[in-house]
2 protein chains.
Amino acid sequence: MTCSPAHLAEQIRAKGFRLTPQRMAIFNVLHESGGHLVRTEIYERVQALAPVLTEPTVYRTLDFLVENELVRVTHAGNGRLEYELARHRHHHLHCSACGAELEIAHEQMQKIFAHLELSTGYRLTENHITLMGLCPHCQEIGD
Amino acid sequence: MTCSPAHLAEQIRAKGFRLTPQRMAIFNVLHESGGHLVRTEIYERVQALAPVLTEPTVYRTLDFLVENELVRVTHAGNGRLEYELARHRHHHLHCSACGAELEIAHEQMQKIFAHLELSTGYRLTENHITLMGLCPHCQEIGD
DNA sequence: TTTTTTATTGCAATAAGTTACAATAAGAAA
DNA sequence: TTTCTTATTGTAACTTATTGCAATAAAAAA
């Protein structure tokens, strides 16, 4: 598995950075939650488990983890940034009514990405897309 | 044209809202800029032309214009929200090195959108996507 | 035109996000 | 193990974002 705490330790040490309780705590919270969390959620969860860090540390540690490609960041519907472990590439459909999240395999998007790279000359980097919409259930209610 | 000041006035009045100098000023700034601006840029530009509003008004007016589909909001690379007039649907490729923006016609994305709607049952709503990458020029420099 | 209604704005207070810098502690060297 | 180096964190200050409420003014009615 490419997203275990052991992997985190290895990656950080390999690059000459330091393995701190703060970094492990944030990583573990993301690991246990499974999904994606915004900064305030991460801070609250770490505090609840063991108050080993402050708000600015959450802020900087997440940037650090993203830079080192251990964590991925995505845009939530409201403009907030959400964080999750850098596992397999995927995207999300978000129901703007009930908040349900549906995961989409990157393979489904691959073709359009490749096509865009060809037609524009751009080289696309780590893009995690969140598309907004209505889930089947909320469509029924709305109609 | 579906994005003229006259259209704004018509749309707002038709729904029983009020046409205020503040709303017109913000709309005009977006109209003249052509591209997309973040909130602080909009505030600064309006202030430079005619100081008719405050920061909270920019905040609420933009929400108002987005709700009424006169303005569209999109995610900038850094998590900030950018605003632009609701003209034809399109998306963006953003160069993370030099900041260049390339517009992509919605037609290029249409197929993948339709495919996702079919396979998931979700109904996708107004999605303006910004994909991050490196433009051809910055790829050369980097290599 | 004047009055009335209430959507909209500005002011002031609050909350959240961010930065600078001194203090701390992780890992290397002795 | 102890000392040393400096990456990393916490504190505190600062800036930006957001909200509540009273004051204002746009549009309708008289």
Side-chain angles (χ1 to χ4, degrees), chain A residues 5-6 8-29 36-47 49-68 70-71 73-83, chain B residues 5-29 36-68 70-71 73-83:
Chain A
L8 171 82
E10 187 191 312
Q11 287 288 307
I12 287 183
R13 288 238 174 73
K15 293 178 183 174
F17 297 119
R18 292 176 184 174
L19 188 65
T20 64
Q22 291 83 353
R23 282 174 181 171
M24 296 199 313
I26 288 176
F27 187 88
N28 283 333
V29 162
H36 19 77
L37 304 170
V38 297
R39 280 177 178 158
T40 49
E41 287 172 335
I42 294 167
Y43 177 66
E44 283 160 14
R45 293 197 185 194
V46 172
Q47 289 301 81
L49 291 171
V52 294
L53 45 65
T54 58
E55 273 278 20
T57 299
V58 175
Y59 181 80
R60 288 173 300 204
T61 301
L62 286 170
D63 284 351
F64 169 85
L65 293 172
V66 170
E67 273 167 32
N68 288 281
L70 292 158
V71 164
V73 59
T74 183
H75 298 282
N78 53 358
R80 291 284 116 74
L81 295 175
E82 292 183 339
Y83 297 84
Chain B
H7 179 251
L8 169 83
E10 187 191 313
Q11 286 289 306
I12 287 184
R13 288 238 175 75
K15 292 179 185 174
F17 298 118
R18 293 176 185 174
L19 186 65
T20 65
Q22 291 83 352
R23 284 174 180 170
M24 295 201 311
I26 288 176
F27 188 88
N28 284 333
V29 162
H36 18 76
L37 304 171
V38 297
R39 280 178 179 157
T40 50
E41 286 172 337
I42 294 167
Y43 177 66
E44 283 160 14
R45 292 196 186 196
V46 172
Q47 288 301 80
L49 292 170
V52 295
L53 46 66
T54 59
E55 273 279 20
T57 299
V58 174
Y59 181 80
R60 289 172 298 204
T61 301
L62 286 171
D63 284 351
F64 169 85
L65 292 172
V66 169
E67 272 167 32
N68 288 282
L70 293 158
V71 164
V73 59
T74 183
H75 298 284
N78 53 358
R80 291 284 115 75
L81 295 176
E82 292 183 338
Y83 297 84

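Residue B:Arg23 has its side chain nearest to C:dT8 when only C:dG27, D:dT9, C:dT8 are considered. Considering only the side chain of A:Arg39, C:dT18 comes nearest among C:dT9, C:dT18, D:dT9. Across C:dA12, C:dT18, D:dT8, the shortest atom-to-atom separation from the side chain of B:Arg80 is found for C:dT18.
A distance-only check finds a donor-acceptor pair linking the side chain of B:Arg60 to the backbone of B:Pro56 [under 3.5 Å]. Remark: side-chain polar atoms of A:Glu41 are paired, donor with acceptor, to backbone N or O of A:Val38 under 3.5 angstrom.
Here A:Thr61 does not reach the OP1 or OP2 of D:dT8: none of its side-chain N or O atoms lies under 4.0 Å away.
Under the 30°/60° scheme for interplanar angles, the aromatic rings of A:His75 and B:His75 are found to lie parallel.
With rounding to whole Å, A:Met24 atom CE is found 14 Å from C:dA25 atom C1'. The interatomic distance linking A:Ile12 (CD1) with C:dG27 (P) rounds to 9 Å, in whole Å. Rounded to an integer number of Å, the gap from CZ of A:Phe27 to P of D:dT8 is 17 Å. Taking atom CG of residue A:Asp63 and atom P of nucleotide D:dT9, one finds them 12 Å apart after rounding to whole Å.
At a cut-off of 3.5 angstrom, counting only N and O atoms as typed in the model, there is a donor on one side and an acceptor on the other between the side-chain of B:Arg18 and the base of C:dT6.
The residue A:Val52 sits close only to the backbone: its heavy atoms come under 4.0 Å of sugar-phosphate atoms, none of a base.
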